[in-house]
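One structure below.
Just so it is clear, the values below take in all heavy atoms, side chains as well, and ignore hydrogens, waters and symmetry mates.
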Amino acid sequence: MGERVGSSFLVIGALGAMVLAMLDASAFWIANAIFLGFFLSAIVSGVARVICYRGDFDLRW
């Protein structure tokens, strides 16, 4: 569950980088968008794993 939540932020970061590349932004901002995607993916994935592990999240959909 934590990996699915984290990978969504990675996809958002990659889409942001793709939009910046299409707008012909500098490589600095494209790299920062990718880095932010990886950073948020790791943080949110870790938090989601802890919440699921502690039992505060209902996995039955």
| field | Ser7 side chain to Arg4 backbone, donor-acceptor under 3.5 Å | value | yes
| field | Co-members of the apolar cluster containing Leu10 [side chain, <4.5 Å] | value | Leu20, Phe28, Trp29, Ile30, Ile34, Phe38
| message | Once side-chain contact (heavy atoms from CB on, under 4.5 Å) is applied, do any residues pair with Leu40, and if so which ones, sequence neighbours excluded? | response | Phe9, Leu36
| query | Do you know which two heavy atoms are closest between Ser45 and Gly6, and how far apart they sit? | reply | CB-CA, 3.9 Å
| note | Leu15 meets the side-chain contact (heavy atoms from CB on, under 4.5 Å) criterion, sequence neighbours left out, with Val11, Met18
| Listed by chain and number, what are the side-chain contact (heavy atoms from CB on, under 4.5 Å) partners of Val19, not counting sequence neighbours? | Met22, Leu23
